[in-house]
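The figures here come from the full heavy-atom set of this structure, side chains too, leaving out hydrogens, waters and symmetry mates. Proteins come first, then strands; the chains are lettered A, B, ... in the order of their sequence lines, and each starts at number 1.
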There are 2 protein chains.
Amino acid sequence: MPSQTLPDDLDISHIRSSCATCSLRELCLPVGLNEEEIQILGNLASHKRKIPRGGYLHHAGSKFQSLFAIRSGFFKTCILEQDGRQQVTGFHMTGELLGLDAISGEMHTCDAVALEDSEACEIPFAKLEEISRTIPSLMHHFHKIMSREIVRDHGVMLLLGSMKAEERLATFLLNLSRRLVMRGYSEYNFNLRMTREEIGSYLGLKLETVSRAFSKLQDENIITIDNKQVQINDISRLKMKMGNSACLS
Amino acid sequence: MPSQTLPDDLDISHIRSSCATCSLRELCLPVGLNEEEIQILGNLASHKRKIPRGGYLHHAGSKFQSLFAIRSGFFKTCILEQDGRQQVTGFHMTGELLGLDAISGEMHTCDAVALEDSEACEIPFAKLEEISRTIPSLMHHFHKIMSREIVRDHGVMLLLGSMKAEERLATFLLNLSRRLVMRGYSEYNFNLRMTREEIGSYLGLKLETVSRAFSKLQDENIITIDNKQVQINDISRLKMKMGNSACLS
DNA sequence: TGCCTTGATTGATCTGAGTCAAAGCTATTC
DNA sequence: GAATAGCTTTGACTCAGATCAATCAAGGCA
């Protein structure tokens, strides 16, 4: 799939700049947008919206109208099953996009809940579509980004199927670490925003098993864990724990 | 996401009709293409290509150049792990599209192997892109379809995480049944093209566990299974076996 | 300050699925 | 049609992770 670039003489003067405080550059580069696309996106985004801990960014079943760029904070996405239990489908950190769950339909398929006080910029999808009528490559590119995120998650889930608890947890930690370092945070020292139960739900384990696996990794001096604070002491041995399934892509 | 329609005065006369024998209409309607799009796709597609049992439609790591419409037969997609074991990532039947695994990159991420003598039409992606430069909605639409397929699979995998063997198998059978009936085949009576081992790999179970779960469902008179021939005797009880996680979307 | 809630850890026990092994069945080949 | 290789089924045993339960630590708040 050859990637198209935007025309040099691109006129975006008609786009209302509604988010003066938003510099989306450092935010969106990791997902593969080029300068012009970031500019357009930044101009589309509304001012930061505050979401308190426990607050919702979007609900399952609600109409899909916007993508959200997380400016600060941490979110989980989850679906509520018939029996009331909730299944965590993903975690999303500062600098990532939310709302991708609705990419293939008209409705959000999951809830997005803030795990700490957070801020997000809304990017109205209608405007994105409007612009992509004049700049087809933008939407094309966007779909690619979205698919990539989904495929990445999908790949991880597939591999989890055949993994043991410890392997799953190692995979999870390394995935978090990789995403944090991409955004300029510490690779070896970070704070888990979610509970053991949420980690367990995401990985298909019970909270006790998660706790035990953490303890085991600590006993082996691979990580140090104090409640929610994680320190990776030996990343190469942690990678070995992931097993053969290896690549997170 | 409002769905766009193709313009009425659409000129596709410049597109070489390369697949006179292909009527893709009944093939692609289920995935949501409209008449004109099917026409375009059909004209893009090359003549049917035969793939013998065990043959490859595409390889992991090979350059992504085409999508494939399965005209007859049955495929599995799988990835080869470092240790040589193979992980089945999906099953694909007559009327479905293959090659979607490469949607977010330049390379195929998995092998596609025929589980019986099959036929497929190749749809060169470059041509699809060329056309979508004049008809932006086509690529847009296509990306949506592809994402939907991926999201669907992703959803299933997520739910599998917390499921027991019997629930996984029920989910698997009902998924097959639903896809078969969509394409005009019997809902209650069908032939499994894959081995117990392949089912197990896909569901994260061992082949013995798959076999035992089949036997148990048969003992309970929910299905009748004779080697690869499956008959669903009581679909409502089979649905109950799926558990609360329910929806396959 | 002490009460109460929420989350984390750890132990004991149980169970579902993996493992190993044997035997039966099917399909393919010559 | 006999020989062979590849699937499938079933049984016995084992073990990782679920379940049940107790304890502990860290806020939040009256």
Side-chain angles (χ1 to χ4, degrees), chain A residues 52-54 74 76 83 85-88 113 115-117 160-173 191-220 223-230 241 243-245, chain B residues 52-54 74 76 83 85-88 113 115-117 160-173 191-220 223-230 241 243-245:
Chain A
R53 186 163 169 282
F74 207 95
K76 71 172 174 184
D83 56 7
R85 282 177 312 139
Q86 76 169 22
Q87 159 86 43
V88 175
V113 184
L115 293 180
E116 59 181 340
D117 293 347
L160 286 181
S162 54
M163 281 187 179
K164 293 195 192 305
E166 208 177 30
E167 297 173 324
R168 295 186 195 205
L169 210 57
T171 305
F172 170 73
L173 287 175
N191 199 287
L192 298 173
R193 256 65 202 214
M194 66 298 279
T195 66
R196 304 289 191 262
E197 186 165 20
E198 286 162 339
I199 297 173
S201 173
Y202 178 62
L203 296 177
L205 300 169
K206 290 293 156 181
L207 69 98
E208 295 94 330
T209 308
V210 172
S211 179
R212 275 184 246 270
F214 272 139
S215 299
K216 180 137 180 291
L217 288 174
Q218 180 161 241
D219 289 348
E220 298 177 48
I223 63 169
T224 307
I225 183 154
D226 179 21
N227 206 357
K228 292 216 159 44
Q229 196 62 36
V230 176
K241 287 283 177 187
N244 304 297
S245 319
Chain B
R53 188 162 167 281
F74 207 95
K76 70 172 173 183
D83 56 6
R85 282 177 311 138
Q86 76 167 21
Q87 158 86 46
V88 174
V113 184
L115 293 180
E116 59 180 340
D117 291 348
L160 286 182
S162 54
M163 280 186 179
K164 295 192 191 306
E166 208 178 30
E167 298 173 324
R168 295 186 193 205
L169 210 58
T171 304
F172 170 73
L173 287 174
N191 200 287
L192 298 173
R193 256 65 203 214
M194 67 298 281
T195 66
R196 304 289 191 260
E197 187 165 20
E198 287 162 338
I199 297 172
S201 173
Y202 178 63
L203 295 177
L205 300 169
K206 291 291 156 184
L207 69 97
E208 295 95 329
T209 308
V210 172
S211 178
R212 275 184 246 270
F214 272 140
S215 299
K216 180 138 182 288
L217 287 173
Q218 180 161 242
D219 289 347
E220 298 176 47
I223 63 169
T224 306
I225 182 153
D226 180 20
N227 205 1
K228 293 219 161 37
Q229 197 62 38
V230 175
K241 286 283 177 190
N244 305 296
S245 319

message = Base, sugar-phosphate or nothing for A:G200? Non-hydrogen atoms, less than 4.0 Å.
response = nothing

Are any of the side-chain heavy atoms of [X] and [Y] separated by less than 4.5 Å?
X      : Y      : value
A:T171 : A:L203 : no
A:L207 : A:T195 : no
B:F214 : B:R196 : yes

key: A:N227 or A:K164, whichever maps to the more 5' nucleotide of DNA chain D   = A:K164

ask   = So, are A:R212 and A:E208 salt-bridged, with charged N and O less than 4.0 Å apart?
value = no

query = Within the structure, does a side-chain N or O atom of B:K228 lie under 4.0 Å from either OP1 or OP2 of C:dT26?
reply = no

[X] [atom1] to [N] [atom2]: how many Å, rounded?
X      : N      : atom1 : atom2 : answer
B:L115 : D:dC7  : CG    : C1'   : 14 Å
B:L192 : D:dC7  : CG    : C1'   : 13 Å
A:R196 : D:dA26 : CZ    : P     : 14 Å
A:E198 : C:dG7  : CD    : C1'   : 11 Å
A:M163 : D:dG17 : CE    : C1'   : 17 Å
A:R168 : D:dG17 : CZ    : P     : 8 Å
A:D219 : C:dG11 : CG    : P     : 10 Å
B:D226 : D:dC7  : CG    : P     : 17 Å

inquiry  = Assess the residue pair B:L115 and B:R53 against the criterion (side-chain contact (heavy atoms from CB on, under 4.5 Å)); give the C-alpha distance rounded to whole Å, side-chain angles, the decisive distance to 0.1 Å, and a yes or no.
reply    = CA-CA 5 Å; B:L115 293 180; B:R53 188 162 167 281; over 6 Å; no

key: DNA chain D contacts among residues 205-216 of chain A, heavy-atom distance under 4.0 Å   = A:L205, A:K206, A:E208, A:T209, A:R212

message = Give me the atom names and distance for the closest heavy-atom approach of B:M194 to B:K228.
response = O-CE, 3.2 Å

ask   = Should the heavy atoms of other residues, nucleotides or ligands under 6.0 Å from CD of A:E197 be counted, would the total exceed 12?
value = no

